[in-house]
Peer 1: 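Take a look at the following structure, please.
In what follows, chains are A, B, ... by sequence order, proteins preceding strands, each numbered from 1.
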There are 2 protein chains.
Amino acid sequence: MKPAVGTVAAERRPAPIPRRAPYDATTLLEVAVTVFNERGYDGTSMEDLARAAGITKSSFYHHVDGKEALLAAACDRALDALFAVRDEPASTAGRAIDRFEYVLRRTTQILLTELPYVTLLLRVRGNTATELAALERRREFDRFTADLVTQAMADGDLRSDIEPGLATRLAFGTLNSVTEWYRVARETSPDAVVDGAVGVIVRGLQP
Amino acid sequence: MKPAVGTVAAERRPAPIPRRAPYDATTLLEVAVTVFNERGYDGTSMEDLARAAGITKSSFYHHVDGKEALLAAACDRALDALFAVRDEPASTAGRAIDRFEYVLRRTTQILLTELPYVTLLLRVRGNTATELAALERRREFDRFTADLVTQAMADGDLRSDIEPGLATRLAFGTLNSVTEWYRVARETSPDAVVDGAVGVIVRGLQP
DNA sequence: GTCTATAAATTGATAGAC
DNA sequence: GTCTATCAATTTATAGAC
């Protein structure tokens with residue numbers, strides 16, 4: 001039963017308008033990254049983002065600095081999480097093979113918990129200064145992983161009939177490929193993905 | 001020694017202008033795919049393509065039907081090569097494990113020989129009808145590979161402590177990740193990539 | 001085949017009212 | 001905070017001269 005428009009009750013106690021939480025930069029970043037991943041960064045217009053957020057383009061601009069700033073924030077979030085893994089004690093001390101396995105596992109976990117941000121990072125092409133900066137940070141992380149593999153191979157703990165660079169790229173390429181299919185339709189649990197991926201890689205690279 | 005401008009020799013036998021082969025649709029597709037892979041499809045304008053070909057945008061349009069047609073042609077080239085693998089005798093007869101290994105190897109070879117086209121295909125997002133059609137063909141190929149893995153697992157020839165779908169995705173995700181780094185700077189030979197990738201995957205998935 | 005010129009639509013971003 | 005209106009630049013694509 002809806003009270004007639006204009007009654008006293010309707011005027012003094014208007015039906016509660018379905019009210020969303022007020023937007024902040026973090027919320028809209030989440031919206032933006034989702035759309036970026038669906039349509040690609042360059043394939044997404046600010047109009048697309050505003051529509052996804054349910055406001056106009058101008059309102060959207062009230063909250064964020066622009067398209068490129070959104071991309072930078074998303075990439076930084078992914079990269080900060082990856083570098084935090086690199087700086088954990090278990091990544092820096094001990095046998096190289098143990099550190100390698102630890103980094104594989106933790107990287108996969110980050111990839112799943114920060115999935116949209118890592119996905120976007122992995123697709124960056126280098127068209128702007130922002131993108132080049134993200135690529136450079138990413139390459140730094142890649143050098144860290146390549147060093148791990150090289151050391152573990154020198155220790156005799158990884159098969160050495162494959163070039164270290166190729167082994168590194170296959171290992172982390174396998175992990176990164178998870179971003180290509182692990183979406184909301186999650187028929188596989190995160191733990192199963194981590195255990196499965198790390199297990200297959202480790203066995204595949206055993207001496 | 002350059003003859004002075006205006007001499008008889010210069011007028012009758014003009015210095016040979018560095019003449020390129022006349023453009024055809026295939027040549028320009030090659031140019032386009034290269035730029036698409038560098039800057040991303042949506043990040044590339046027809047102006048970019050024309051500049052890369054050394055002609056104007058209008059001249060470029062004289063040879064090709066448009067941006068989307070270029071994408072469709074590139075995806076078709078990659079998909080035709082993949083489906084040709086699927087239809088080879090060694091992919092359709094024999095034990096599933098042998099067919100699986102054969103398809104892994106052949107797919108990697110296609111990936112390297114048709115690298116730019118496969119790279120572009122793997123990045124398609126589904127923004128237009130053209131892209132959706134390419135994605136649908138790709139999914140058909142994915143179903144073929146998933147069936148192979150499922151059968152080989154049922155035969156007891158692949159480890160069964162991993163879901164078949166996860167195993168398939170890890171295996172072909174590893175292969176596909178090659179497109180992310182195997183560019184012109186080829187420090188690793190194609191054969192080493194094929195042997196390395198297939199070898200790591202097969203060992204990683206052994207029972 | 002290649003060019004200049006231009007059309008028609010879209011894009012990232014801002015101005016200013018409420 | 002949200003809106004309408006608008007701008008300047010870019011983008012896909014075409015017309016028509018040479």
Side-chain angles (χ1 to χ4, degrees), chain A residues 14 16-75 120 124-132 134, chain B residues 14 16-36 38-75 120 124-125 127-131:
Chain A
I17 296 161
R19 183 174 286 287
R20 60 166 169 73
Y23 282 126
D24 56 45
T26 310
T27 314
L28 289 179
L29 176 62
E30 202 174 331
V31 170
V33 171
T34 302
V35 183
F36 285 159
N37 283 329
E38 279 169 11
R39 307 181 52 81
Y41 174 74
D42 286 311
T44 302
S45 71
M46 292 300 277
E47 180 70 42
D48 291 331
L49 297 184
R51 200 180 303 118
I55 55 182
T56 62
K57 202 165 46 153
S58 287
S59 301
F60 196 89
Y61 268 105
H62 179 78
H63 297 285
V64 305
D65 285 337
K67 196 179 171 183
E68 210 173 330
L70 287 166
L71 181 65
C75 289
L120 193 56
V124 156
R125 307 297 319 151
N127 291 343
T128 63
T130 300
E131 297 187 34
L132 285 170
Chain B
I17 296 164
R19 182 174 287 286
R20 59 165 169 73
Y23 280 128
D24 57 45
T26 309
T27 314
L28 289 179
L29 176 62
E30 202 175 333
V31 171
V33 170
T34 301
V35 183
F36 284 159
E38 279 170 10
R39 309 182 50 81
Y41 174 74
D42 286 310
T44 302
S45 71
M46 292 300 275
E47 180 70 42
D48 292 330
L49 297 184
R51 200 180 303 118
I55 55 182
T56 62
K57 205 166 38 155
S58 288
S59 301
F60 196 89
Y61 268 105
H62 179 78
H63 297 284
V64 305
D65 285 336
K67 196 179 171 184
E68 210 173 332
L70 287 166
L71 180 64
C75 289
L120 194 55
V124 156
R125 307 297 317 148
N127 291 343
T128 63
T130 299
E131 296 187 36

Peer 1: How long is the gap from CG on A/D48 to NZ on A/K67, to the nearest 0.5 Å?
Peer 2: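 Going from the CG atom of A/D48 to the NZ atom of A/K67 covers 8.5 Å.
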Peer 1: Can you tell me if A/E131 uses its side chain to pair, donor with acceptor, with the backbone of A/V124 under 3.5 Å?
Peer 2: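 Judged by distance alone, no pair lies under 3.5 Å.
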Peer 1: Once you round to the nearest 0.5 Å, how far does CZ of A/F36 lie from CG of A/L71?
Peer 2: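 Output value for this atom pair is 6.5 Å.
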Peer 1: By nearest atom, which of the nucleotides C/dG1, D/dT2, C/dC3 is closest to the B/I55 side chain?
Peer 2: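 Nearest nucleotide to the side chain: C/dC3.
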Peer 1: Tell me, do A/L49 and A/V31 make a side-chain contact under 4.5 Å, heavy atoms counted?
Peer 2: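 Not in contact.
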Peer 1: Is the number of heavy atoms from other residues, nucleotides or ligands under 6.0 Å of B/E30 CD greater than 12?
Peer 2: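 Incorrect, the count does not exceed 12.
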Peer 1: Distance check, rounded to the nearest 0.5 Å: A/N37 atom CG versus A/T44 atom OG1?
Peer 2: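 Here the rounded value is 9.0 Å.
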Peer 1: Are OP1 or OP2 of C/dC3 and a side-chain N or O of B/T56 less than 4.0 angstrom apart?
Peer 2: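 Affirmative; the distance criterion is met.
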Peer 1: Without placing hydrogens or testing angles, list every side-chain donor-acceptor pair under 3.5 Å for residues 53-65 of chain B, not counting sequence neighbours.
Peer 2:
| from | atom 1 | to | atom 2 | distance (Å) |
| --- | --- | --- | --- | --- |
| B/T56 | OG1 | B/S59 | N | 3.4 |
| B/T56 | OG1 | B/S59 | OG | 3.1 |

Peer 1: Does OP1 or OP2 of C/dC3 have a side-chain N or O of B/H62 closer than 4.0 Å?
Peer 2: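 Answer no for this pair, as no side-chain N or O of B/H62 is under 4.0 Å from OP1 or OP2.
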Peer 1: How does each nucleotide of nucleotides 6-18 of chain C score, in 5' to 3' order, for protein heavy atoms under 4.0 Å: base (B), sugar-phosphate only (S), or none (-)?
Peer 2: -----SBBBB---
Peer 1: At a heavy-atom distance below 4.0 Å, what parts of residues 24-40 of chain A sit against DNA chain D?
Peer 2: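 Output list: empty, so none.
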Peer 1: Tell me the interatomic distance from B/H63, atom NE2, to D/dT14, atom C1', rounded to whole angstroms.
Peer 2: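 Nearest whole value for this atom pair: 16 Å.
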Peer 1: Quick one, B/T27 with B/D24, criterion side-chain contact (heavy atoms from CB on, under 4.5 Å). Give me CA distance, side-chain angles, the key distance, then yes/no.
Peer 2: CA-CA 5 Å; B/T27 314; B/D24 57 45; 2.8 Å; yes
